[in-house]
K.L.:
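Below is a structure I'd like to ask you about.
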Amino acid sequence: MYEGVVQDLIDELGRLPGIGPKSAQRIAFHLLQADTADVTRLAEVLTVAKSQVRFCERCGNVAQAELCRICVDPRRDQTAICVVEEPRDVVAIERTREFRGTYHVLGGAISPMDGVGPEDLRIRELFQRLADDTVTELIIATDPNIQGEATATYLSRSLRGTGLSITRLASGLPVGGDLEYADEITLGRAFEGRRAMNE
Ligand code: ZN
């Protein structure tokens, strides 16, 4: 344990995802020994990002206005929605250039073990988007793990009989993995070979 603010800094860093106590300590001392200008710049970027970045009211992606740049882009196909867990998955799929529709970010996946149910995700918002029949195709691109599969199954069951085309990204993605870590070629192929869930 360190004194006062040093320990406060270590504690705060240790609350970030993926940062254990040792890393928190190492980063804290790195910052304390760094140039004041560098640390000030980091603090400013954090403050500005937190105050300016918001989430798209339609799809839940990161945005700097009410709607994200994908939702306001007239060239995007409004009849297809690709459902993902996190905003970083949008970035991964955009890199493949396989998809010209819009997205819907759920904010996670169904995980009873962690106490996350359908009502904790942006599923109601998704169903609202589907209500006016503009959307004809839903591509479910949740992570290829148990929670992602459970979420995909829940969505396809809930939308059974709606006449919507529902597909799931093909296998070839590493099972148990995270979508965002898949390379562009694998993810691109998974997109091309997606399979129907409602047949
Ligand atoms: Zn959006």
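Keep in mind that the numbers below use all heavy atoms, side chains included, and drop hydrogens, waters and symmetry copies. A quick note: this is a predicted structure, and the numbers were derived from the prediction, not measured. One-based numbering, in listed order, for ligands and for the atoms of each.
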K.L.:
Under 3.5 Å, is there a donor-acceptor pair between the Arg129 and Thr102 side chains?
P.N.:
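Side chains of Arg129 and Thr102: pair found under 3.5 Å.
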K.L.:
Report, as yes or no, whether the 6.0 Å neighbourhood of atom CD on Glu3 holds more than 12 heavy atoms from other residues, nucleotides or ligands.
P.N.:
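No.
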K.L.:
Are there any protein N/O/S atoms under 2.8 Å from the Zn ion (ligand 1), and if so, which?
P.N.:
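Listed by chain and number, the nearby protein N, O or S atoms are Cys56 SG, Cys59 SG, Cys68 SG, Cys71 SG.
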K.L.:
Tell me every residue that passes side chain to side chain donor-acceptor pair (under 3.5 Å) with Asp133, counting only those two or more places apart in sequence or in another chain.
P.N.:
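For Asp133, no residue satisfies side chain to side chain donor-acceptor pair (under 3.5 Å) once neighbours in sequence are set aside.
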K.L.:
Kindly give the heavy-atom pair with the smallest separation between Gly108 and Leu121, and that separation in Å.
P.N.:
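Closest pair (atom of Gly108, atom of Leu121, distance): C-CD2, 3.6 Å.
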K.L.:
Charged N to carboxylate O under 4.0 angstrom, Asp73 versus Arg76?
P.N.:
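The answer is no: the pair does not qualify as a salt bridge.
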K.L.:
With rounding to the nearest 0.5 Å, note down the distance linking CZ in Phe55 to CZ in Arg122.
P.N.:
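So the gap between those two atoms works out to 10.0 Å.
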